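Note that the structure is predicted; figures quoted are calculated from it, not measured. The sequence lines fix the lettering, A, B, ..., with proteins before strands; numbering per chain opens at 1.
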There are 2 protein chains.
Amino acid sequence: MARLPEYLRALHNLAETGHETVSSEGLANAAGVNSAKLRKDLSQLGSYGTRGVGYDVGLLIDQIEYVLGLTQRRAVVLVGVGNLGHALAGYDGFASRGFRIAALLDADQELVGEEINGLVVQHIDDLPQVAAEESIAIGVIATPAAAAQRVADQLVAVGVTSILNFAPCVLSVPEGVDVRKVDLAIELQILSFHEHRKASLTALPAAGGSALTALPGGLAVTESQEAIGT
Amino acid sequence: MARLPEYLRALHNLAETGHETVSSEGLANAAGVNSAKLRKDLSQLGSYGTRGVGYDVGLLIDQIEYVLGLTQRRAVVLVGVGNLGHALAGYDGFASRGFRIAALLDADQELVGEEINGLVVQHIDDLPQVAAEESIAIGVIATPAAAAQRVADQLVAVGVTSILNFAPCVLSVPEGVDVRKVDLAIELQILSFHEHRKASLTALPAAGGSALTALPGGLAVTESQEAIGT
DNA sequence: AGGCGCTTGTGAAGACGTGCACAAATCGCG
DNA sequence: CGCGATTTGTGCACGTCTTCACAAGCGCCT
């Protein structure tokens with residue numbers, strides 16, 4: 001499930017504040033979901049809480065980390081050290097949550113050799129070499145859209161089977177390769193849509209506008225405090 | 001719908017390459033979705049294509065932009081000019097897709113006064129002043145998790161009704177305020193989960209493992225090339 | 001030891017999204 | 001003017017996700 005990482009983060013918070021056990025409702029609040037949904041998710045893990053008490057925080061953390069495959073520290077290659085890539089390379093949230101940036105790559109010779117956060121930027125053509133030295137399963141693409149597909153092909157060629165794509169384009173990859181996409185502008189546009197809808201509703205309290213001014217009721221917009229991409 | 005921005009991007013690509021009309025199947029391919037789904041989405045807009053021909057690219061762009069509320073260039077405030085915030089401030093994808101960063105804010109006096117991409121960083125306490133000068137509907141939070149809730153409260157206090165949250169925490173906001181969350185580490189963890197699942201499947205071709213080694217079939221993981229968040 | 005309150009795990013119902021398949025509509029061509 | 005090729009729009013069925021509600025189980029207190 002895509003919600004497990006959110007639970008995991010909430011559990012780590014709880015562990016740091018000294019909680020040893022947590023009820024499904026408490027954890028659901030901390031993760032921003034319904035308590036029944038959370039219980040169903042956890043029951044699918046085969047993880048057993050204790051009725052009348054709740055879940056053991058430490059045990060649950062271990063189980064979720066195991067299911068997410070976080071028991072091993074996975075190596076990640078980051079391709080594209082422009083604006084966004086630079087920020088990602090310096091983002092400590094990766095290291096603190098079980099990932100290690102194995103290499104920074106870019107096609108621009110101007111950037112090759114630059115040191116960011118203790119890592120030296122290498123040329124994209126060195127990718128096979130990097131992949132040969134250690135097993136890379138996850139690649140992050142932070143290049144312009146025009147270069148993204150080409151980079152994706154190169155990543156797949158060296159055995160990467162999961163890609164996180166920040167470029168605003170659709171990647172085509174062979175079956176068996178997972179792609180998740182994060183597009184910052186799309187997020188803003190979705191918010192803009194909500195803004196527009198709210199403005200229309202206050203301007204026209206009653207229904208009856210055309211489909212363009214007020215969307216039909218069937219298109220009700222749900223509250224959306226959730227993880228990405230799901 | 002959360003897919004409209006994706007369609008819009010694909011349409012802009014098509015317009016630049018000289019296409020005047022596009023079939024539902026062509027657009028669906030470009031956006032990475034099923035053609036029936038796309039037709040159903042567009043029909044909800046009240047937008048009419050022409051049977052036997054397809055959709056008029058320019059007209060469709062106008063309609064989607066109207067529905068998304070992109071006919072006006074919306075002003076956005078960005079709070080938190082650390083690693084990620086700095087990159088966001090320099091990201092030209094915002095300006096090119098209908099948004100304008102109205103102000104950069106931070107609580108750190110060390111950063112106040114710095115100029116990024118033509119904008120000067122102001123102190124977070126100047127937020128009411130910024131909001132008074134022009135209507136701000138959207139706020140972006142790129143602060144550490146510990147500060148995020150406080151910033152969200154301040155944004156809501158000056159009338160912001162949509163928030164894009166990059167901090168790894170759940171925000172609580174009054175009803176009527178929309179929050180979308182983007183957590184980069186969570187994206188990686190989801191990919192890690194897929195990796196772990198793939199590894200388990202190859203190691204154990206047949207089913208029968210415990211719930212911990214191989215998740216029950218009911219938890220089938222779907223292909224996920226989609227926008228975030230939804 | 002027994003009862004009581006609390007919490008989990010789950011059955012069932014409902015909402016929702018998805019995709020197929022086909023009727024209706026339009027254009028172009030002879 | 002009529003026919004066929006093409007494409008939209010949509011009814012229908014199916015699977016998934018969500019939520020409620022409640023029985024089963026556990027610990028604590030008397």
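- Spacing between atom CG of A:Leu38 and atom C1' of C:dT7 amounts to 13 Å, rounded to whole angstrom units.
- Within the 3.5 Å criterion, the main-chain N or O of A:Leu70 finds no donor-acceptor partner in the side chain of B:His196.
- Protein atom CG of A:Asp41 is 14 Å distant from nucleotide atom P of C:dT8, rounded to whole Å.
- Checked by atom type and distance alone, the side chain of A:Asn165 pairs as donor or acceptor with a backbone atom of A:Cys169 at under 3.5 Å.
- Dashed line: the shortest gap from a side-chain N or O of B:Asn34 to OP1 or OP2 of C:dG17 is not under 4.0 Å.
- In terms of phosphate contacts, A:Tyr48 brings no side-chain nitrogen or oxygen within less than 4.0 Å of OP1 or OP2 of C:dT10.
- Between the side chain of B:Arg51 and the base of C:dT26 there is no donor-acceptor pair of N/O atoms closer than 3.5 Å.
- The side chain of A:Val53 sits closest to D:dG27 out of C:dA21, D:dC20, D:dG27.
- Remark: A:Tyr66 OH to A:Gln72 CD distance equals 10.0 Å, nearest 0.5 Å.
- When the P atom of C:dC6 is taken as reference, atom CD of A:Glu25 falls 12 Å away, rounded to whole Å.
- Position along DNA chain D of the nearest nucleotide to A:Thr50 versus A:Arg39 favours A:Arg39 as the more 5'-ward residue.
- Remark: the A:Lys40 side chain and the D:dT19 base include a donor-acceptor N/O pair separated by less than 3.5 Å.
- For the pair B:Glu20 CD and C:dC27 P, the computed distance is 16 Å after rounding to whole Å.
- In this structure, B:Tyr55 atom OH and D:dT6 atom C1' are separated by 13 Å, rounded to whole Å.
- For the residue pair A:Gln149/A:Asp153, the side-chain donor-acceptor check at 3.5 Å is satisfied.
- The CG atom of A:Leu60 sits 13 Å away from the C1' atom of C:dT8 (whole-angstrom rounding).
- Note: CG (A:Leu42) to P (C:dT7) measures 16 Å, nearest angstrom.
- Environment of CZ in B:Arg150: sparse, with no more than 12 heavy atoms of neighbouring residues, nucleotides or ligands closer than 6.0 Å.
- Remark: B:Ser23 is not in phosphate contact with D:dT7, judged by side-chain N or O atoms under 4.0 Å from OP1 or OP2.
- Nucleic acid contact class of B:Ser47 (heavy atoms, under 4.0 Å, all strands): sugar-phosphate only.
- The CD-C1' distance, from B:Gln44 to D:dT10, rounds to 11 Å in whole Å.
- Of all nucleotides listed (C:dC20, D:dG9, D:dC20), D:dG9 comes nearest to the side chain of B:Ser43.
- In this structure, the nucleotide among C:dG19, D:dT7, C:dT7 sitting nearest to the side chain of B:Lys37 is C:dG19.
- For B:Arg3, a side-chain nitrogen or oxygen approaches OP1 or OP2 of C:dT18 to under 4.0 Å.
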